[in-house]
Amino acid sequence: QKEVEQDPGPLSVPEGAIVSLNCTYSNSAFQYFMWYRQYSRKGPELLMYTYSSGNKEDGRFTAQVDKSSKYISLFIRDSQPSDSATYLCAMIRPDDYKLSFGAGTTVTVRA
Amino acid sequence: KAGVTQTPRYLIKTRGQQVTLSCSPISGHRSVSWYQQTPGQGLQFLFEYFSETQRNKGNFPGRFSGRQFSNSRSEMNVSTLELGDSALYLCASSLVRGRVNNEQFFGPGTRLTVL
């Protein structure tokens with residue numbers, strides 16, 4: 001079993017819809033959680049990071065962390081075709097600082 | 001400020017050959033990490049270099065190695081290539097290491113195909 005599980009999708013939504021992405025993890029040592037966005041033929045870029053349970057908002061993006069359930073989510077409101085990409089969750093343990101990634105979910109926003 | 005650059009962008013090799021990939025981090029960044037990305041396994045950590053020393057290593061065989069130079073540029077080498085080594089190899093740089101909120105900036109990757 002992988003330490004970080006993420007449904008690879010693909011996920012296709014109409015423009016303006018809310019995109020909901022999530023990951024589960026098995027190791028409670030993970031303390032810091034991130035979401036990366038990766039466009040085709042590009043490297044991942046950091047979207048959001050958080051280290052505590054609860055919600056964090058940044059524009060149209062909201063990241064949620066529930067450490068008790070070992071579950072993290074990313075919501076994209078008012079999705080745009082430019083949001084079409086692969087979204088990867090990632091997390092770090094403070095004892096080794098290695099990023100552990102989910103498989104990534106491919107999202108397509110239809111105009 | 002220029003981003004992380006990786007060369008070459010695409011590479012085709014045959015089984016048994018070896019390959020060297022190069023990464024130039026963002027100016028001033030001293031930590032360089034390497035990742036392998038495949039459709040089946042996703043993004044997997046290979047190793048991290050800081051101040052010319054390997055500081056962290058993932059679960060990959062010894063055929064995968066790397067080094068970092070005094071200017072923080074890094075190379076990774078894969079010897080005796082196997083078909084399963086076909087992947088996108090990503091390099092990421094960060095300013096420092098050893099902090100959980102230390103953002104890593106990724107390059108565009110080198111697409112390696114092993115025939």
Side-chain angles (χ1 to χ4, degrees), chain A residues 1-10 21 23-53 56 58 63 65 67 72 85-106, chain B residues 2-10 21 23-26 29-50 54-60 87-113:
Chain A
Q1 184 190 5
K2 292 183 179 179
E3 280 191 309
V4 183
E5 297 282 357
Q6 182 179 9
D7 186 341
L21 306 165
C23 291
T24 59
Y25 60 97
S26 56
N27 193 335
S28 59
F30 286 125
Q31 295 293 321
Y32 207 73
F33 306 91
M34 285 144 282
W35 286 94
Y36 282 82
R37 177 175 62 195
Q38 185 175 20
Y39 289 115
S40 180
R41 296 190 180 87
K42 301 275 189 180
E45 57 177 334
L46 181 65
L47 266 180
M48 296 189 71
Y49 63 89
T50 184
Y51 57 86
S52 58
S53 286
K56 182 176 181 180
D58 184 0
V65 174
K67 288 186 177 179
I72 68 171
T86 296
Y87 291 82
L88 303 119
C89 63
M91 44 201 78
I92 287 184
R93 297 176 356 213
D95 58 340
D96 70 9
Y97 304 108
K98 289 185 289 189
L99 273 173
S100 294
F101 282 88
T105 301
T106 300
Chain B
V4 178
T5 58
Q6 292 186 246
T7 56
R9 292 293 311 277
Y10 301 92
L21 312 181
C23 170
S24 293
I26 291 172
H29 284 195
R30 297 172 60 196
S31 174
V32 174
S33 297
W34 288 89
Y35 296 84
Q36 181 195 65
Q37 187 174 30
T38 60
Q41 297 297 317
L43 257 162
Q44 292 184 285
F45 173 78
L46 279 157
F47 29 66
E48 178 202 6
Y49 285 86
F50 182 83
Q54 188 180 92
R55 305 290 180 155
N56 225 332
K57 191 177 189 310
N59 296 323
F60 279 82
L88 181 67
Y89 290 89
L90 290 157
C91 164
S93 77
S94 58
L95 199 56
V96 293
R97 71 174 305 274
R99 296 181 192 167
V100 290
N101 60 343
N102 186 30
E103 181 175 355
Q104 295 189 26
F105 295 84
F106 284 83
T110 294
R111 172 74 62 186
L112 172 65
T113 301

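Chain letters run A, B, ... following the sequence lines, proteins first and then strands; every chain starts at 1. Quick caveat, the model's predicted, so the values are computed rather than measured. Worth knowing before you read on, the calculation uses all heavy atoms, side chains too, and leaves out hydrogens, waters and symmetry mates.
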query = So, for Y10(B) and R41(A), which heavy atoms are closest and what is the spacing to 0.1 Å?
reply = OH-CD, 3.8 Å

note = Taking every heavy atom of F45(B) against every heavy atom of L99(A), the minimum-distance pair comes out as CB-O, 4.2 Å

task = Indicate the atoms forming the closest heavy-atom contact of L90(B) with P44(A), along with that distance.
result = CD1-CD, 3.9 Å

key: Segment of Q6(B) engaging chain A (4.5 angstrom heavy-atom cut-off)   = neither

message = Take a 6.0 Å sphere around NZ of K57(B) and say whether it holds more than 12 heavy atoms from other residues, nucleotides or ligands.
response = yes

ask   = With only heavy atoms counted, which part of Y35(B) is less than 4.5 Å from chain A, the side chain, the backbone, both or neither?
value = side chain

ask   = Which bit of Q104(B) comes within less than 4.5 Å of chain A, counting heavy atoms only: side chain, backbone, both or neither?
value = both

task = Tell me, please, which residues at least two apart from N27(A) pass side chain to side chain donor-acceptor pair (under 3.5 Å).
result = E3(A)

query = Can you say whether R9(B) sits under 4.5 Å from chain A via the side chain, the backbone, both, or neither, judging by heavy atoms?
reply = side chain

request  = Would you give the length of the straight line joining atom CG of L46(A) to atom CZ of F106(B), rounded to the nearest 0.5 angstrom?
outcome  = 9.0 Å

task = Against chain B, label Q38(A) side chain, backbone, both or neither, depending on which of its atoms sit under 4.5 Å from a heavy atom there.
result = side chain

note = Under 4.5 Å to a heavy atom of chain B? For Y39(A) that would be neither

key: Euclidean distance, E45(A) CD relative to E103(B) CD, rounded to 0.5 Å   = 9.5 Å

